[in-house]
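Residues take their numbers from the sequence shown, with the count starting at 1.
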Amino acid sequence: MARLFVDGMNVIGSRPTGWWRDRPGAARALLRQLQDLRARHPASEDDLVLVLDGRPLPDLPEGRHDGVLVLYARWPGADAADDRIVAELELDPRPQEALVVTSDRDLRDRVTRLGARVEGASALLRRLDA
(Lines give C-alpha, C1' and ligand atoms only; values in the text may rest on other atoms or scores of the structure.)
Protein backbone atom coordinates (compact mmCIF):
# COMPACT_ATOMS: atom_id res chain seq x y z
CA MET A 1 0.00 0.00 0.00
CA ALA A 2 1.11 3.55 -0.69
CA ARG A 3 1.67 6.42 1.66
CA LEU A 4 -0.32 9.36 0.35
CA PHE A 5 1.20 12.80 0.98
CA VAL A 6 -1.07 15.77 0.27
CA ASP A 7 0.52 19.19 -0.38
CA GLY A 8 -2.31 20.92 1.47
CA MET A 9 -2.10 24.52 0.34
CA ASN A 10 -1.36 23.46 -3.22
CA VAL A 11 -4.56 21.39 -3.29
CA ILE A 12 -6.57 24.09 -1.49
CA GLY A 13 -5.25 26.79 -3.80
CA SER A 14 -6.10 24.88 -6.96
CA ARG A 15 -9.74 26.00 -6.79
CA PRO A 16 -10.99 29.60 -6.50
CA THR A 17 -13.31 28.91 -3.57
CA GLY A 18 -12.45 32.01 -1.55
CA TRP A 19 -10.06 29.97 0.61
CA TRP A 20 -7.77 33.01 0.95
CA ARG A 21 -10.36 34.69 3.20
CA ASP A 22 -10.17 31.80 5.70
CA ARG A 23 -7.02 29.72 5.31
CA PRO A 24 -7.53 27.83 8.62
CA GLY A 25 -11.10 27.00 7.63
CA ALA A 26 -9.93 25.78 4.23
CA ALA A 27 -7.32 23.54 5.89
CA ARG A 28 -9.94 22.10 8.24
CA ALA A 29 -12.32 21.50 5.31
CA LEU A 30 -9.64 19.62 3.36
CA LEU A 31 -8.85 17.54 6.43
CA ARG A 32 -12.55 16.61 6.78
CA GLN A 33 -12.66 15.58 3.13
CA LEU A 34 -9.55 13.42 3.58
CA GLN A 35 -11.06 11.86 6.71
CA ASP A 36 -14.20 11.06 4.71
CA LEU A 37 -12.06 9.51 1.97
CA ARG A 38 -10.25 7.45 4.58
CA ALA A 39 -13.58 6.27 6.05
CA ARG A 40 -14.85 5.24 2.60
CA HIS A 41 -11.63 3.40 1.72
CA PRO A 42 -10.02 2.33 4.98
CA ALA A 43 -7.70 -0.23 3.40
CA SER A 44 -6.65 1.90 0.42
CA GLU A 45 -3.72 3.66 2.11
CA ASP A 46 -1.32 2.71 4.90
CA ASP A 47 -0.86 6.36 5.69
CA LEU A 48 -2.68 9.47 4.61
CA VAL A 49 -0.56 12.55 5.36
CA LEU A 50 -1.72 16.16 5.04
CA VAL A 51 1.15 18.66 5.05
CA LEU A 52 0.22 22.29 5.72
CA ASP A 53 2.04 25.61 5.63
CA GLY A 54 2.00 28.06 8.50
CA ARG A 55 1.82 27.73 12.23
CA PRO A 56 -0.06 24.76 13.65
CA LEU A 57 -3.68 25.61 14.29
CA PRO A 58 -4.54 25.52 18.02
CA ASP A 59 -7.35 23.02 17.44
CA LEU A 60 -5.35 21.02 14.89
CA PRO A 61 -1.89 20.17 16.23
CA GLU A 62 0.52 17.87 14.45
CA GLY A 63 -0.51 14.28 14.82
CA ARG A 64 -3.13 11.79 13.73
CA HIS A 65 -6.70 13.05 13.39
CA ASP A 66 -9.26 10.35 12.59
CA GLY A 67 -6.91 8.41 10.32
CA VAL A 68 -5.10 11.38 8.75
CA LEU A 69 -1.64 12.40 9.90
CA VAL A 70 -1.35 16.20 9.94
CA LEU A 71 2.12 17.70 9.60
CA TYR A 72 3.21 21.33 9.29
CA ALA A 73 6.10 23.03 7.54
CA ARG A 74 8.97 23.39 9.97
CA TRP A 75 9.65 27.03 9.09
CA PRO A 76 7.80 29.89 7.38
CA GLY A 77 8.31 30.88 3.79
CA ALA A 78 8.07 29.66 0.26
CA ASP A 79 8.37 25.92 -0.32
CA ALA A 80 8.47 25.13 3.42
CA ALA A 81 5.72 22.49 3.17
CA ASP A 82 7.45 21.09 0.08
CA ASP A 83 10.64 20.75 2.14
CA ARG A 84 8.70 18.89 4.85
CA ILE A 85 7.28 16.44 2.29
CA VAL A 86 10.74 15.83 0.85
CA ALA A 87 12.21 15.35 4.34
CA GLU A 88 9.50 12.79 5.19
CA LEU A 89 10.19 10.91 1.94
CA GLU A 90 13.93 10.94 2.62
CA LEU A 91 13.20 9.14 5.90
CA ASP A 92 10.83 6.66 4.26
CA PRO A 93 12.48 3.26 3.67
CA ARG A 94 10.22 2.74 0.61
CA PRO A 95 9.70 6.14 -1.07
CA GLN A 96 8.83 4.34 -4.32
CA GLU A 97 5.59 3.28 -2.61
CA ALA A 98 4.62 6.88 -1.84
CA LEU A 99 2.20 9.00 -3.83
CA VAL A 100 2.49 12.78 -3.52
CA VAL A 101 -0.49 14.93 -4.46
CA THR A 102 0.66 18.29 -5.81
CA SER A 103 0.51 20.39 -8.94
CA ASP A 104 3.78 22.12 -8.01
CA ARG A 105 6.30 21.33 -10.74
CA ASP A 106 9.38 21.82 -8.53
CA LEU A 107 8.03 19.54 -5.81
CA ARG A 108 7.06 17.00 -8.47
CA ASP A 109 10.66 16.94 -9.70
CA ARG A 110 12.10 16.66 -6.18
CA VAL A 111 9.92 13.75 -5.08
CA THR A 112 10.19 11.79 -8.32
CA ARG A 113 13.99 11.92 -7.94
CA LEU A 114 13.43 10.13 -4.61
CA GLY A 115 11.32 7.50 -6.36
CA ALA A 116 7.84 8.67 -5.33
CA ARG A 117 4.92 8.88 -7.73
CA VAL A 118 2.96 12.12 -8.23
CA GLU A 119 -0.69 12.88 -8.85
CA GLY A 120 -2.06 16.34 -9.60
CA ALA A 121 -4.37 18.19 -7.23
CA SER A 122 -7.31 17.89 -9.62
CA ALA A 123 -7.18 14.07 -9.53
CA LEU A 124 -7.46 14.05 -5.74
CA LEU A 125 -10.23 16.67 -5.79
CA ARG A 126 -12.23 14.50 -8.20
CA ARG A 127 -11.96 11.58 -5.75
CA LEU A 128 -12.94 13.81 -2.83
CA ASP A 129 -15.96 15.13 -4.74
CA ALA A 130 -17.15 11.64 -5.72
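Shortest non-hydrogen contact noted between D53 and A80 is OD1-C, 4.3 Å. A pairwise comparison of heavy atoms in A87 and R74 identifies CB-NH1, 4.3 Å as the closest pair. Scanning both residues, R117 and Q96, for their nearest heavy atoms gives NE-O, 4.2 Å. Considering every non-hydrogen atom in both H65 and Q35, the closest pair reads O-NE2, 2.9 Å.
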Side-chain donor-acceptor distances from residues 24-34 under 3.5 Å, at least two apart:
| from | atom 1 | to | atom 2 | distance (Å) |
| --- | --- | --- | --- | --- |
| R28 | NE | D59 | OD1 | 3.4 |
| R28 | NE | D59 | OD2 | 2.9 |
| R28 | NH2 | D59 | OD1 | 3.1 |

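Residue E62 holds its CD atom at 9.5 Å from CG of L52, rounded to the nearest 0.5 Å. Atom CG of L48 sits about 6.5 Å away from atom CG of L37, to the nearest 0.5 Å. Between the CG atom in L50 and the OH atom in Y72 there is a gap of 8.0 Å [rounded to 0.5 Å].
Among pairs with a residue in residues 11-26, those fulfilling side-chain hydrogen bond (donor to acceptor under 3.5 Å, both in side chains) read R15-D129, at least two apart in sequence or across chains.
For D66 and R38, the salt-bridge test fails: no basic side-chain N is under 4.0 Å from an acidic carboxylate O.
With sequence neighbours left out, D104 forms a salt bridge (Lys or Arg N to Asp or Glu O under 4.0 Å) with no residue at all. Applying the salt bridge (Lys or Arg N to Asp or Glu O under 4.0 Å) rule to R108 yields no partners; only residues at least two apart in sequence or on another chain are considered. Partners of D83 under the salt bridge (Lys or Arg N to Asp or Glu O under 4.0 Å) rule, at least two apart in sequence or in another chain, are R110.
Heavy atoms of other residues, nucleotides or ligands lying less than 6.0 angstrom from CZ of R40 number more than 12.
Membership of the apolar cluster around L89 extends to F5, V49, V51, L69, L71, I85, V86, V100, L107, V111, L114, V118, as traced through chained side-chain contacts below 4.5 Å between ILVMFWY residues.
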